[in-house]
Amino acid sequence: MTAAGESRIGVALLRAGLLCVLVFMAAPIVIVVVNSFNASPFNIWPPTGLTTSWYAKALASPQFQRGMVNSVIAGVLSTALVLVLGTPAAYALARFHFRGASAVRAILMGPLVVPRVAIGFALFVLFIASRSGLYGSMTGIVLGHAVLMLPFVTTVLAANLGEIDPALEEAARDLGASPVGAFLRVVLPQMRSGLIIAGLFAFITSFDEVETTIFLTKPAVNTLPIEMYLYLDQYQDPTIAALSALLIGVSFLLLGVGLAATGRGSLRLLLGGRAS
Amino acid sequence: MSASTNTKPLLLLAPSALVVMAPFVASLVILAAYSVDYGPNGVGPDLTIWRNFLSDGYSWSVIATSLRLAASVTLITLLVAYPTACAILRIRNPLLSAIAYVILFSPLLMSVVVRSYGWLLLLADRGFVNSLLAASPFGLGPYRLIYNETGVVIALVHILLPFAVLPIIGALLQIPPIYREAAADLGAGPAAIVWKVTFPLSLPGVIVAAEIVFALAVSAFVTPSVLGGGRVLVLSRLVYENIGNVQWGLAAVQALILLAIAVGALLILERFNRSTFAKRAG
Amino acid sequence: MQPDVVLSRVEKSFAGDAVVRGVDLAIRRGEFFSLLGPSGCGKTTTLRMIAGLEAPTGGSISIRGVDMAGVPIERRPTNLVFQKLALFPHLDVFDNIAFGLKLRKTPAPEIRRRVAEMLDIVRLSGFETRSVASLSGGQQQRVAIARAVVNEPAVLLLDEPLGALDLKLQTHLQEELRQIQRALEMTFVYVTHNQAEAMAMSDRIGVMNAGRLEQVGAPADLYLRPATRFVASFIGQTNLIDGRIDAIEDGKLRIEAGGLRFVADAHAGATVGAPATVSLRPEQIRLTKARDDGSDALVIADATFMGASVNYRLQGRGLTLLAQATGEAAPLPVGARVDATWLPDAAVTVAADGAGTAK
């Protein structure tokens, strides 16, 4: 950004505006953390006193415990599934020009456009109509999450692959590697940051998912956000704030791990993935 | 490595197609079948459900609410996102820049339920915002900010803002600084540079942002439910309720209308995108 | 001796566009062979077909007597040094060089020995654990060569590997490459668009243009006896003069163009009165001040002082000629009227492009 003609007032306004936006973005998260210590069960501001009892209540809740376990299982399985499926798909899109490529791309991107509620309902009907027993099962939820995440994962991985010189594979082949060997020895090690970002976002998407999941789940396999949503429908005491504060902590931990593992490449990949 | 045959790429795409895309496509087909009451227990195909839904004034008011909500959220989000993207790219201090990026984008990591709940706390009748307004010298309020469209719009703008800023930053980064320098050299002032050079060149990014935000806003479910408290009725909410009521045909019709709105908006924006490109080329 | 690489009638087209058209070529064992031509002439595609990265759309390629049709890249007795090097960024110098040996399940002690040997040859001993990104352009170049050579391929293929380096380093590495090739007695096939580079290193050069092999020969042959207009003008500077065959005597052609007379070796099918093109190198032309009455003498239109020589542009008789004068003679002034002379056998006739005699 060179300073080719900028007015001082304009820059000052821009800075003040950015500050307001950042306060706006942080506000609901800060309030959740503060309110998790609020002694008032009716979310009254300012807090009537400080307590940690909501944390105890949230951690002791059997629904939330089960939801947490289910969410981790669903997140790990669907992330693994979608990375295993998405990598070859991204490779096909990034490395080959073939007839029907644009049609394949359009179908792959479909779940980004179709409202999640519609996807959830459609999958629900499919699971019931096919008598597959997928409705209300963990497999069904994992499959549903994979449908939602595939477009994003494929886009990020294809952008990642686009940055890796195809000559490296040719060099590996020339030195005696088979096509699969060349991919595993030369391409995969360089997809690290792409895989981490795609995997992290896939996991977060799965961990956060309500709109599709709510149609596919039964109480035994309810994920954590579903349990939280159902809880909010009935109660609004700070139990949910305490749980949310814990989840916020975990999110920042994941963010730190992700940034440390991928470095500066992460934002560029995200930008590349989104903008294309 | 450009293969002349189609077999290799198709083989690589096959696993995704089988496991993920086939159920996706199949479920959309089944959805369409249900909407015309065609199925194992149905009598169709006929258009009774469609006719009933579309001739009901109540349905149209829900569609109107969904569209109004999505349109206002998209507009406000873009108006906030564009200057935000410009401002964040201008920060030269790397530490401040990193902090701004984290504050702006870390909410993406947090559950929509958590974020909606945060807004419920902020905007409640006796919540933070109203207590702040009451404590102000003017002693304003209290205002009703939840269980109506205002609260839903505020929370959705918060949730969707990162999705809008990201493609706009991407578009701005792709504009070589030399264009702005050339415009300044030719005598354009700061305002003229923004309006005549930067903005038109970043328009594709703005349109991508609009596509993403509108698609997510029109189909949002959690936020309208939590902050609308059952009083803001949108299509996605109706779909959910009708499944509970075992009105699957009706739910299918509503889901398909939602889909049509999302795809329709995307096509309109894409057309707009292409026409601006064509103008520039011609 | 049996040639190492034989191309016969090799064709390649991409989506209907012919890039390589009927190339016949035999590369001898142990020679440094260069494929020389402008960008887009098909030289890199030819190299990639030998390596197995592209399949010919016609003709056949054999290496050491074995037909390569259907033999995948990884099983060919060739290794390639890539234009952009393609060093593996996630591996250090040792692992880059050992890559091929490990795939061949070479025992670890032998890998260590051969990599160390290779590093010694390319003068990079002690760099084993360095990351390739931390090396200079010239060092990366040597790693790329070592990574290919360590596998002891029958034929080493090099795709303009020195193109990205500055001139001084280029010259230095040219010498090194030549030394490595002599020491290993390995067949090198080197692709370049730089005629000086090809002339400096090669035993023989194949000149390509528009997908065709125009001429194959030793550097001096190509310079002194170019077969086509293209070869004559691509290798060094020359004057191409279109004229007519006046007479054929004792196996020599007498050619007249714009009042100038040339003598050249006769070629098959030459007939009196037929058009012919001669190539005359600028440095073969000797200039003397014209006699006073030389009404149709040449005029010096332009003179450029080059240090060791002076380049002149001459005009007159409907022709423009380039001449190069070396030595102690004082430069002639622009506008001077001069007579141009050359030795009887200085000129050669050249054929039209694509009609080369290369086999």
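What's counted below: heavy atoms across the whole structure, side chains too, no hydrogens, waters or symmetry copies. Labels below follow one simple rule: chain letters A, B, ... track the order of the sequence lines, proteins then strands, and each chain is numbered from 1.
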*Contact origin within A:R192 toward chain C - heavy atom pairs under 4.5 Å*: neither
*Side chain, backbone, both or neither: which part of A:A172 has a non-hydrogen atom closer than 4.5 Å to chain C?*
both
*asked:* Taking side-chain hydrogen bond (donor to acceptor under 3.5 Å, both in side chains) as the criterion, tell me which of A:T79, A:T213, A:T223 meets it with A:H145.
replied: A:T213
*Go through the atoms of C:L91 and report whether side chain, backbone, both or neither lie under 4.5 Å from a heavy atom of chain A.*
neither
*Crowded around C:R104 CZ? As in, over 12 foreign heavy atoms under 6.0 Å?*
yes
*Check the pair A:F201 / A:V156 against side chain to side chain contact (heavy atoms under 4.5 Å, CB included), numbers first and verdict last.*
CA-CA 10 Å; A:F201 262 74; A:V156 169; over 6 Å; no
*Is the closest side-chain heavy-atom distance between C:R178 and C:D203 below 4.5 Å?*
yes
*Would you please classify the geometry between the C:F32 ring and the C:F188 ring as parallel, tilted or perpendicular, with 30° and 60° separating the classes?*
tilted
*Answer with side chain, backbone, both or neither: which region of C:R147 has an atom nearer than 4.5 Å to a non-hydrogen atom of chain A?*
both
*Under 4.5 Å heavy-atom distance to chain A, tell me which part of C:N151 shows up: side chain, backbone, both or neither.*
side chain
